[in-house]
Amino acid sequence: MTTKFNLLDVVALTVDLQEYNLLRGQVGTIVEILGDGAAFEVEFSDRNGRTYESVGLRAEKIMLLHFEPLSSSESEMATA
């Protein structure tokens with residue numbers, strides 16, 4: 001399954017990034033698409049909206065978070 005990420009998507013880390021003091025599961029927002037979609041600048045902010053880290057990441061290190069049920073066509077694409 002290939003996930004297409006877009007600007008301002010909310011994502012979570014799928015790996016620990018100890019060099020940045022970030023752990024798997026931490027939530028961030030894609031703020032820039034790099035290298036024609038080969039990587040993404042992800043901004044991590046606290047509950048007050050203050051950015052505490054911004055890191056360039058490849059798609060395999062993040063997962064898209066969903067806040068609403070997928071439509072039937074989106075579900076079919078996700079399982080293809």
Side-chain angles (χ1 to χ4, degrees):
M1 176 177 84
T2 303
T3 301
K4 184 175 189 272
F5 295 102
N6 297 299
L7 196 61
L8 302 179
D9 278 348
V10 178
V11 297
L13 285 175
T14 59
V15 296
D16 291 341
L17 297 176
Q18 294 179 348
E19 64 272 28
Y20 298 104
N21 201 28
L22 296 170
L23 300 175
R24 183 172 59 97
Q26 282 188 271
V27 176
T29 303
I30 294 177
V31 294
E32 190 170 349
I33 298 173
L34 307 169
D36 292 327
F40 307 90
E41 187 73 20
V42 179
E43 190 173 272
F44 297 89
S45 303
D46 63 19
R47 291 177 190 240
N48 296 314
R50 289 184 289 245
T51 300
Y52 58 85
E53 196 61 70
S54 186
V55 184
L57 299 168
R58 295 200 172 273
E60 62 268 12
K61 293 188 177 185
I62 56 176
M63 65 178 286
L64 183 62
L65 298 182
H66 301 277
F67 296 96
E68 297 178 16
L70 297 177
S71 68
S72 58
S73 62
E74 291 172 318
S75 293
E76 289 171 11
M77 288 189 317
T79 57

Visitor: So, the side chain of D46 versus the backbone of N48: is there a donor-acceptor pair under 3.5 Å, distance only?
Guide: yes
Visitor: Taking atom CG of D36 as the centre, does the number of heavy atoms from other residues, nucleotides or ligands within less than 6.0 Å exceed 12?
Guide: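 No, CG of D36 has 12 or fewer neighbouring heavy atoms, counting only those of other groups under 6.0 Å.
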Visitor: Do you know the tightest heavy-atom contact between L13 and R24?
Guide: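 Residues L13 and R24, closest heavy atoms: O-CG, 3.6 Å.
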Visitor: Near D16 CG, under 6.0 Å, is it more than 12 heavy atoms from other residues, nucleotides or ligands?
Guide: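 Yes - once you tally the heavy atoms of other residues, nucleotides and ligands closer than 6.0 Å, there are more than 12.
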Visitor: Kindly compute the distance separating CG (L17) from CD (E53), expressed to the nearest 0.5 Å.
Guide: 9.0 Å
Visitor: Can you name the closest pair of heavy atoms from V27 and F44 and give their distance?
Guide: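 Answer, listing the atom of V27 first, then F44: O-CD2, 3.3 Å.
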Visitor: What I'd like to find out is whether the side chain of I30 reaches to under 4.5 Å of the side chain of I62, using heavy atoms alone.
Guide: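 Yes, their side chains come closer than 4.5 Å.
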Visitor: Heavy-atom count check: over 12 atoms from other residues, nucleotides or ligands less than 6.0 Å from Q18 CD?
Guide: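 12 or below, so no.
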Visitor: Nearest 0.5 angstrom please: M63 CE to D9 CG, how far?
Guide: 12.0 Å
Visitor: From I33 CD1 over to N6 CG, what is the distance, rounded to the nearest 0.5 angstrom?
Guide: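 If we round to the nearest 0.5 Å, I33:CD1 and N6:CG are 6.0 Å apart.
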Visitor: What pair of heavy atoms forms the shortest contact from S45 to T51, and how long is it?
Guide: OG-OG1, 3.6 Å
Visitor: Between V55 and F5, is there shared hydrophobic-cluster membership here, with clusters defined by ILVMFWY side-chain heavy atoms closer than 4.5 Å?
Guide: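 Shared cluster, yes.
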Visitor: Could you tell me whether the side chains of Q26 and Y52 share a donor-acceptor contact shorter than 3.5 Å?
Guide: yes
Visitor: Among side-chain atoms of S54 and E41, is any donor-acceptor pair under 3.5 angstrom?
Guide: yes
Visitor: Could you see if L64 belongs to whatever hydrophobic cluster contains L57? Use Ile, Leu, Val, Met, Phe, Trp, Tyr and a side-chain cutoff under 4.5 Å.
Guide: yes
Visitor: For the residue pair F40 and A59, what are the closest heavy atoms and their distance?
Guide: CE1-CB, 4.0 Å
Visitor: Please give me the minimum heavy-atom distance between A12 and G25, naming the atom from each residue.
Guide: CB-O, 4.0 Å
Visitor: Is there a continuous path of hydrophobic side-chain contacts, each under 4.5 Å between heavy atoms, that joins V11 to V15?
Guide: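 Yes, same cluster.
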